[in-house]
Participant: 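Can you read through this structure? Questions will come right after.
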Amino acid sequence: MTVLVTGGAGFIGSHTCVELLEHGHEVIVVDDFSNSSPTALTRVDEAAGRPVTALYEGDLRNESLLERVFAHHEIDAVIHFAAKKAVGESVDIPLEYYDINVSATTVLLRTMLAHGVDKLVFSSSCSIYGQTETVPLGESEPAAPTNPYARSKWFCENIIADACRRYPQLNAVALRYFNPVGAHSSGLLGEDPAGVPNNVMPYMMQVAIGRRAELQVFGGDYATEDGTCVRDYIHVMDVADGHRVALEKLGTGFDVFNLGTGVGTSVLGLVRAFEEACGVSIPHRIVERRAGDVPKLIADPTRVADAWGWRTTRDLPTMVRDAWGFQRLNPYGYETLALESA
Ligand code: UD1
C-alpha cells in the first residue's frame with residue numbers, strides 16, 4: 001500500500017513509518033515540524049533501510065497542500081497522527097487545539113473523499129475516558145474527556161464516525177493508546193519532547209542521563225499498591241505494529257480499539273524496572289499530586305485481540321531498555337549532533 005502518514009516525524013509517527021517501510025509499504029509524510037525534527041525522518045530511512053517516498057512540510061489545514069499530496073500520489077490509506085497533544089497547554093489555548101486537531105481532521109477527510117481514498121487509521125487516546133475508576137477499561141466505557149486535548153480527540157472520533165455513516169465507502173478505525181513509551185531497538189529513534197517533558201518516561205530518561213537532578217513522583221497517597229499512580233505503559237513499536245495491522249485488518253464502517261498491554265505499573269514500579277534493567281539509579285522524591293491525574297488507568301486489550309488476533313509483545317524491561325538506548329545515543333535528542341559540532 002501507499003500510506004500517507006500525517007505527523008510522520010513525531011514520536012509515534014516516526015516509529016510507525018519504520019514499521020510500514022519494513023513491511024514493504026510506501027510511505028508519504030506530511031509534517032509541519034512544529035513539535036518534531038526533520039532528523040527523525042533521516043533516522044527512519046536509516047532504521048528501515050529504505051527511505052520514505054516523499055515528505056511534504058506544512059500544515060494539514062492548508063487544503064491546497066493536501067490537494068497536491070493526493071494529486072501526486074496514488075494513496076491507498078491514511079494514518080492520521082498530526083495533532084497537538086499537551087494536556088496543560090490545551091487548557092491555556094483551547095481554540096488553537098480545536099482548530100489544529102479538529103479542523104485538520106475535517107480537511108483531511110474531505111480531501112480523502114474527493115480522491116476516493118477510503119481507509120483511515122486515527123490516532124486517539126485513552127484520555128477520552130476521563131476520570132474513570134473502571135479497571136481495566138474497555139471500549140464501551142463512556143467517553144468523558146476532561147480537557148480540550150482529550151475533547152478534541154473525542155470530537156475527531158465522532159466526526160470520523162459521522163463521515164463513515166454518510167459515506168459508506170469510508171472505513172476507519174480509531175486507536176486509543178494508553179501510555180506509549182520506549183524507542184526503536186536500534187537507538188536511532190525515540191521520544192524527543194521540546195522543553196521540559198510533561199510525561200514521566202522522557203523526564204526519567206533526562207534524569208538518568210544527568211540533564212535533570214531528580215524525578216518528582218506526583219503523589220504517594222493514592223489507593224494503589226505503593227501509593228503512586230498506575231498506568232498501562234505500551235512499547236511504541238507495539239503501537240506502531242498495531243497501526244500496520246489496523247491497515248491490513250480494517251473492516252467496514254467505523255470502529256474503536258484500545259491499544260494497551262492490560263498490565264499496570266506504578267510510577268515507583270517504573271523507576272524500579274528502569275534501575276534493574278539499565279543499572280542506573282534514578283534520584284526521585286514523592287511530591288504533591290498533579291491535578292487531573294487518576295489513580296489507575298489500565299486497558300482491557302481483549303477487543304482488539306478478538307477482532308484481529310493482535311496483542312502486544314514487548315514487556316516493561318524492553319520498554320525501559322529501548323528508551324535508555326535512544327537517550328544514551330542521543331543525550332540531547334535529535335539535536336545532539338548539532339550541539340556536539342557547535
Ligand atoms: C499523559 C496525558 C494523556 C496522554 C498520555 C500519553 C496528562 C494529564 N495526560 O497521560 O492525555 O494520552 O500522557 O502518554 O498529561 N508522573 C510523575 N512525574 C513526572 C511525570 C509524571 O510522577 O514528572 C506520573 C503522573 O502523575 C502519572 C504517571 O507518572 O501518574 C504517568 O504520567 P504521564 O507520563 O504524564 O502520562 P499520563 O498523565 O498518564
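Remember, it's 1-based here, ligands and their atoms both numbered in the order they're listed.
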Participant: In the protein, what heavy atom is nearest to atom 39 (O) of ligand 1, and what distance, to one decimal place, separates them?
Facilitator: Arg231 NE, 2.6 Å

Participant: Would you mind checking which non-hydrogen protein atom is closest to atom 38 (O) of ligand 1, with the distance to 0.1 Å?
Facilitator: Arg290 NH2, 2.7 Å

Participant: Using the ring pair (Phe, Tyr, Trp, His ring centres under 6.0 Å) rule, collect all pairs that involve residues 92-120, keeping only residues at least two apart or in two chains.
Facilitator: Phe70-His115, Tyr98-Phe155

Participant: Please confirm whether Pro180 approaches ligand 1 to less than 4.0 Å, judged on its heavy atoms.
Facilitator: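 Contact check Pro180 vs ligand 1: positive.
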
Participant: Check for me whether Tyr233 has a heavy atom closer than 4.0 Å to any atom of ligand 1.
Facilitator: yes

Participant: To which protein heavy atom is atom 21 (C) of ligand 1 closest, and what is the distance rounded to 0.1 Å?
Facilitator: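 In this structure, atom 21 (C) of ligand 1 has Val200 CB, 3.5 Å as its nearest protein heavy atom.
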
Participant: Shortest non-hydrogen contact from Asn258 to Glu139?
Facilitator: N-OE2, 2.8 Å

Participant: Hey, is Gly292 one of the residues with a heavy atom under 4.0 angstrom from ligand 1?
Facilitator: no

Participant: Does the pair Glu157/Lys153 count as a salt bridge with the N-to-O cut at 4.0 Å?
Facilitator: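 Salt bridge absent between Glu157 and Lys153.
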
Participant: Assess Tyr149 for proximity to ligand 1: is some non-hydrogen atom of it under 4.0 Å away?
Facilitator: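 Under 4.0 Å: yes for Tyr149.
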
Participant: Just which atoms of ligand 1 are under 4.0 Å from any heavy atom in Val217?
Facilitator: 22 (O)

Participant: Which ligand 1 atoms does Ser127 reach within 4.0 Å, using its non-hydrogen atoms?
Facilitator: 11 (O)

Participant: Look at atom 15 (O) of ligand 1 and say which protein heavy atom is nearest, naming residue and atom and giving the distance to 0.1 Å.
Facilitator: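 Answer for atom 15 (O) of ligand 1: Val87 CG2, 3.5 Å.
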
Participant: Counting from 1, what ligand 1 atoms have a heavy atom of Ser125 closer than 4.0 Å?
Facilitator: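 Per the distance check, 12 (O).
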
Participant: Pick whichever of Asn199, Val230, Val196, Val287 has a heavy atom sitting closest to atom 13 (O) of ligand 1.
Facilitator: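 Of the listed residues, Asn199 has the closest heavy atom.
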
Participant: Would Thr302 and Asp306 count as having a side-chain donor-acceptor pair, cut-off 3.5 Å?
Facilitator: no

Participant: Is the shortest side-chain heavy-atom distance between Ile128 and Arg176 below 4.5 Å?
Facilitator: yes

Participant: Which atoms form the tightest heavy-atom contact between Leu188 and Phe326, and what is the distance?
Facilitator: O-CE1, 3.6 Å

Participant: Is Arg61 paired with Asp32 through a side-chain N to carboxylate O contact shorter than 4.0 Å?
Facilitator: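 No, no charged N to carboxylate O under 4.0 Å.
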
Participant: What about Leu215: any of its N or O atoms under 3.5 Å from an N or O on ligand 1?
Facilitator: no

Participant: Which residue owns the protein heavy atom closest to atom 30 (O) of ligand 1, what's the atom, and how far is it?
Facilitator: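 The closest one turns out to be Cys229 CB, 2.8 Å.
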
Participant: Kindly give the heavy-atom pair with the smallest separation between Met1 and Ala77, and that separation in Å.
Facilitator: SD-CB, 4.2 Å

Participant: If every non-hydrogen atom of His243 is compared with every non-hydrogen atom of Leu259, which pair is closest and at what distance?
Facilitator: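 Minimum heavy-atom separation between His243 and Leu259: CE1-CD1, 4.3 Å.
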
Participant: What are the atoms of ligand 1, with element, lying closer than 4.0 Å to any heavy atom of Gln216?
Facilitator: 17 (C), 18 (N), 19 (C), 22 (O), 23 (O)

Participant: Short list, please: which atoms of ligand 1 are under 4.0 Å from a heavy atom of Asn198?
Facilitator: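 Numbered from 1, ligand 1 contributes 20 (C), 35 (O).
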
Participant: Check Glu26 with Arg50, please: is the shortest side-chain N to carboxylate O separation under 4.0 Å?
Facilitator: yes

Participant: Is the ring centre of Trp310 less than 6.0 Å from the ring centre of Phe257?
Facilitator: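 No: the rings miss the under 6.0 Å criterion.
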
Participant: Checking the N or O distance criterion of under 3.5 Å, is ligand 1 in contact with Tyr203?
Facilitator: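 No, Tyr203 has no N/O under 3.5 Å of an N/O on ligand 1.
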
Participant: Considering only protein heavy atoms, which is closest to atom 24 (C) of ligand 1, and at what distance to one decimal place?
Facilitator: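 Among all protein heavy atoms, the one nearest atom 24 (C) of ligand 1 is Val267 CG2, 3.7 Å.
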
Participant: What residue and heavy atom of the protein are closest to atom 26 (O) of ligand 1, and at what distance?
Facilitator: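 I find the closest protein heavy atom is Asp293 OD2, 2.5 Å.
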
Participant: Shared ILVMFWY cluster between Leu250 and Val304, side chains joined below 4.5 angstrom?
Facilitator: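 Yes, one cluster joins them.
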
Participant: So is there a nitrogen or oxygen of Phe218 less than 3.5 Å from a nitrogen or oxygen in ligand 1?
Facilitator: yes

Participant: How close does the nearest protein non-hydrogen atom get to atom 37 (P) of ligand 1, and which residue and atom is it?
Facilitator: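 Going atom by atom, the protein heavy atom closest to atom 37 (P) of ligand 1 ends up being Asn179 ND2, 3.6 Å.
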
Participant: Looking only at heavy atoms, what is the nearest atom pair of Val239 and Pro180, with distance?
Facilitator: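 That would be CG2-CB, 4.2 Å.
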
